[in-house]
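Heads up, the thing below is written out as structure tokens.
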Amino acid sequence: MSEYFSNIKAGAVTIATGMSITLKHFFNAIHRKGDAGIDDADYFRQVDGLCTLQYPREAVPVPVNARYRLYNDIEDCIGCGQCERACPVTCIAIETIKVVPEDLAVCGKTSGGQQKKFWVPVFDIDVAKCMTCGICVSVCPTECLVHSPVSDFSEFDRQNMIYHFGNLSRLEAEAKKRKVAEQQAQAAKEKQAAAAKAAENSGQ
Ligand code: SF4
Ligand code: SF4
């Protein structure tokens, strides 16, 4: 009989101990964690305080060296294609058009003063394939391709995961291509005429 009551007593003590631990954490969680920012090594070691955020109204601060969604400042892109070639999963697609001499001033220079020699009508990044390895960023000579702090960019449509940074519309690109083709045809004609004249002169 005494064993029966001692078991009940042990059960009650166990429940009370467990509940006291639970209540301690419950009341401690009412408060925010300390002032340590996310960059502080001790931030996740703090045992007391709220550990969940009211997402998306609140979000964990992004570390300054975070590698999230890519962004290309196309005004500084020289269309060299190094990022496209370096990407191990081919998620960057670029198309370029040579800038004809009279358009060089319009095409302009990068913020570092480098003359841009290519229009970049297509600069697409398929971020659904991107593994944020950062190789493309590290090879970019003008540092226009960067990881942005945007970490939440979920979409319902897979196509919306392809980001377009090109600096020409389709019609503008067609006009530029026509101009290049015309100049090439003119140059070929002049070369042909010069060769014919040289042949004529040598025959005299
Ligand atoms: S971060 Fe890596 S995977 Fe993503 S586009 Fe750049 S090279 Fe490709
Ligand atoms: S490496 Fe940089 S400059 Fe070259 S095409 Fe890519 S983003 Fe543009």
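All ligand and atom numbering here is 1-based and tracks the order in the structure. The structure displayed is predicted, hence computed values, not measured ones.
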Region of I125 that comes within reach of ligand 1 [heavy atoms, distance under 4.0 Å]: neither
Which residue and heavy atom of the protein sit nearest atom 8 (Fe) of ligand 2, plus the separation: C77 SG, 2.4 Å
Heavy atom of the protein closest to atom 6 (Fe) of ligand 2 (residue, atom name, distance): C83 SG, 2.3 Å
Check: S111 main-chain N/O paired with D76 side-chain donor or acceptor under 3.5 Å: yes
Numbering as shown, the atoms of ligand 2 that approach F123 to under 4.0 Å (heavy-atom distance): 6 (Fe), 7 (S)
C83: which of V137, L145, N72 passes side-chain contact (heavy atoms from CB on, under 4.5 Å): L145
Any I78 heavy atom less than 4.0 Å to ligand 2: yes
Over 12 foreign heavy atoms within 6.0 Å of CD, E155: yes
Expected output: side-chain H147 to main-chain Y68 donor-acceptor under 3.5 Å: yes
Atom indices of ligand 2, in the order listed, that fall short of 4.0 Å to a heavy atom of T142: 3 (S)
Other residues, nucleotides, ligands: >12 heavy atoms within 6.0 Å of E102 CD: yes
K179 with D103: basic N within carboxylate O range, under 4.0 Å: yes
Best match, S138, C140, C80: closest heavy atom to atom 2 (Fe) of ligand 2: C140
Note: R170-E174 ion pair, threshold 4.0 Å (strictly below): yes
Min side-chain heavy-atom separation F165-Y71 under 4.5 Å: yes
Shortest non-hydrogen separation from I78 to K116 and the atoms involved: CG2-CG, 4.2 Å
Side-chain donor/acceptor of Q115 to backbone N/O of K109, under 3.5 Å: no
Nearby protein N/O/S atoms (those under 2.8 Å) for atom 2 (Fe) of ligand 1, with water ignored: C133 SG
Option with minimal heavy-atom separation from atom 5 (S) of ligand 2, where the choices are G81, C144, P141: G81
